Amino acid sequence: MIGFLLGAFCLQVKAQRINIGAGLGGFNYKGDLSPAFNPRNYLPGGHLLFRYNVSPAVSLRVGGNFGVVGAKDSRSSDPFNQARNASFRSSILEGDLITEYNFLNYSQKRKAKNWTPYLFGGLGFYKFKPRTKTADYKTAQMNIPFGAGVKWEFKRPWSLEFEFGTRKLFTDYLDDLGDNVPISQKTRLGNPTTKDMYYYTSITLSYTFYSIICPPGFSNDY
């Protein structure tokens, strides 16, 4: 009976696969100053994460991201943008709770698949701090992060992760251009029918905790 309870405890601990990571990346903005994705708008960022692997297919993670977003009208081919000749830069601080779905049942076992593509989505909260603020608007709001990536455990317990994510925003003022500006500043009007957004592309080095104490006769090879 004691052996059964110890074995059950060991199996329960095995199921608690905890993973932490940190990495670097780049933020990219899409909005009035850059209506289409432009690689020239990438600015540096970084992040930390804590992940709990619920099952080989599903993981939950809590993360924090920080960096800078910005753009310039001078990079646009649109005559109006060039005439406006505006630019902006803003720091970003973000926290999020995300669910990941692993396509290949990423189980991190010695004899199992140790890489997988995945999709993710969740809910986030971010605060941005513009260098220039010309109107009255909120700088702390909720957002919706979603995207895709690839995980690869290249040397147990270390993994590399490559990810591209989009943040759906509920503001048109990330770039300090919106519809709430004085008439004398018409050139700073944004498109009220669309909201701004930003992307985060990243590479992460993560560590999975495998330290498990099992009773004699039980293997911790998982």
Side-chain angles (χ1 to χ4, degrees), residues 4-28 30 37 45-67 92-127 141-170 197-215 218-222:
F4 173 80
L5 292 176
L6 289 175
F9 173 78
C10 181
L11 291 175
Q12 288 176 1
V13 173
K14 286 180 184 179
Q16 296 176 7
R17 299 189 182 94
I18 293 175
N19 179 264
I20 61 172
L24 299 174
F27 284 89
N28 197 305
K30 180 181 176 183
F37 180 87
H47 62 279
L48 302 170
L49 65 84
F50 173 90
R51 177 183 290 114
Y52 178 74
N53 298 307
V54 179
S55 72
V58 177
S59 301
L60 298 177
R61 90 176 189 226
V62 177
N65 307 318
F66 50 91
I92 293 280
L93 183 63
E94 175 190 69
D96 49 41
L97 176 61
I98 284 175
T99 300
E100 301 173 346
Y101 177 77
N102 304 315
F103 284 98
L104 298 182
N105 287 336
Y106 187 68
S107 55
Q108 296 176 310
K109 296 179 181 178
R110 284 194 177 103
K111 298 181 181 179
K113 295 183 180 68
N114 60 355
W115 75 276
T116 181
Y118 64 93
L119 295 176
F120 72 87
L123 189 64
F125 180 84
Y126 74 105
K127 180 175 178 60
Q141 298 185 5
M142 305 295 290
N143 65 11
I144 300 177
F146 59 94
V150 176
K151 304 174 185 176
W152 172 43
E153 189 179 44
F154 65 94
K155 183 176 177 60
R156 179 177 168 149
W158 296 98
S159 300
L160 280 177
E161 304 167 20
F162 303 90
E163 184 174 286
F164 178 81
T166 301
R167 271 58 174 178
K168 176 177 173 55
L169 307 183
F170 302 95
M197 62 193 308
Y198 63 86
Y199 310 94
Y200 185 52
T201 305
S202 65
I203 179 170
T204 303
L205 179 65
S206 65
Y207 180 92
T208 301
F209 290 91
Y210 285 108
S211 299
I212 296 173
I213 300 176
C214 290
F218 292 94
S219 170
N220 64 355
D221 182 14
Y222 67 102

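None of the values given here were measured: they were computed from a predicted structure.
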Please report the C-alpha distance between Ile18 and Tyr52 in whole Å, then the side-chain angles of each, then the deciding distance to 0.1 Å, and finally whether the side chain to side chain contact (heavy atoms under 4.5 Å, CB included) criterion is met.
CA-CA 5 Å; Ile18 293 175; Tyr52 178 74; 4.3 Å; yes

Take Glu163 and Arg61 through the test salt bridge (charged side-chain N to carboxylate O under 4.0 Å, His left out) and record every step on the way to the result.
CA-CA 14 Å; Glu163 184 174 286; Arg61 90 176 189 226; 2.9 Å; yes

Look at the side chain of Thr116 and the backbone N and O of Leu104, then say whether any donor-acceptor pair between them is shorter than 3.5 Å.
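Checking the backbone N and O of Leu104 against the side chain of Thr116, a donor-acceptor pair under 3.5 Å is found.
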
Can you tell me how far [atom2] of [Y] sits from [atom1] of [X], rounded to the nearest 0.5 angstrom?
X      : Y      : atom1 : atom2 : result
Leu93  : Phe66  : CG    : CZ    : 9.0 Å
Ile98  : Leu119 : CD1   : CG    : 12.0 Å
Leu49  : Glu161 : CG    : CD    : 6.0 Å
Asn143 : Met197 : CG    : CE    : 10.5 Å
Asn28  : Thr201 : CG    : OG1   : 7.0 Å
Phe125 : Asp96  : CZ    : CG    : 12.5 Å

Taking the six-membered ring for Trp and the full ring for Phe, Tyr or His, determine whether the centres of Tyr199 and Phe37 are under 6.0 Å apart.
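Under 6.0 Å, so yes.
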
Compute whether any side-chain donor of one residue and acceptor of the other, for Asn65 and Glu94, lie under 3.5 angstrom apart.
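A pair is found: one side chain offers a donor N or O, the other an acceptor, under 3.5 Å apart.
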
Just by distance, with hydrogens left out, do Asn53 and Arg17 show a side-chain donor and acceptor under 3.5 Å apart?
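On atom types as modelled, these side chains do not qualify, holding no pair under 3.5 Å.
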
Check: [Y] and [X] side chains under 4.5 Å, non-hydrogen atoms:
X      : Y      : answer
Phe170 : Ile144 : yes
Arg51  : Glu100 : yes
Leu97  : Leu123 : no
Leu205 : Phe154 : yes

Looking only at non-hydrogen atoms, find the nearest pair between Tyr207 and Pro157 and report the distance.
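What the structure gives for the nearest pair is CE1-CG, 3.1 Å.
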
Taking all heavy atoms of Pro145 and all of Gly124, pick out the closest pair and write down the distance.
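Nearest heavy atoms, Pro145 then Gly124: CD-N, 3.7 Å.
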
Stepwise ring-ring contact (aromatic ring centres under 6.0 Å, His included) check, Tyr118 with Tyr101:
CA-CA 5 Å; Tyr118 64 93; Tyr101 177 77; over 10 Å; no

Does the side chain to side chain contact (heavy atoms under 4.5 Å, CB included) test come out yes or no for Tyr126 and Leu169, once each step is laid out?
CA-CA 10 Å; Tyr126 74 105; Leu169 307 183; 3.7 Å; yes

Please test Tyr198 against Tyr200 for ring-ring contact (aromatic ring centres under 6.0 Å, His included), starting from the C-alpha separation and ending with a verdict.
CA-CA 7 Å; Tyr198 63 86; Tyr200 185 52; 8.5 Å; no

What residues form a side-chain hydrogen bond (donor to acceptor under 3.5 Å, both in side chains) with Thr204, not counting sequence neighbours?
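For Thr204, the residues satisfying side-chain hydrogen bond (donor to acceptor under 3.5 Å, both in side chains) (neighbours in sequence not counted) are His47.
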
Contacts of Asn102 that satisfy side-chain hydrogen bond (donor to acceptor under 3.5 Å, both in side chains) - sequence neighbours left out:
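For Asn102 the side-chain hydrogen bond (donor to acceptor under 3.5 Å, both in side chains) partners, ignoring immediate neighbours, are Lys151.
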
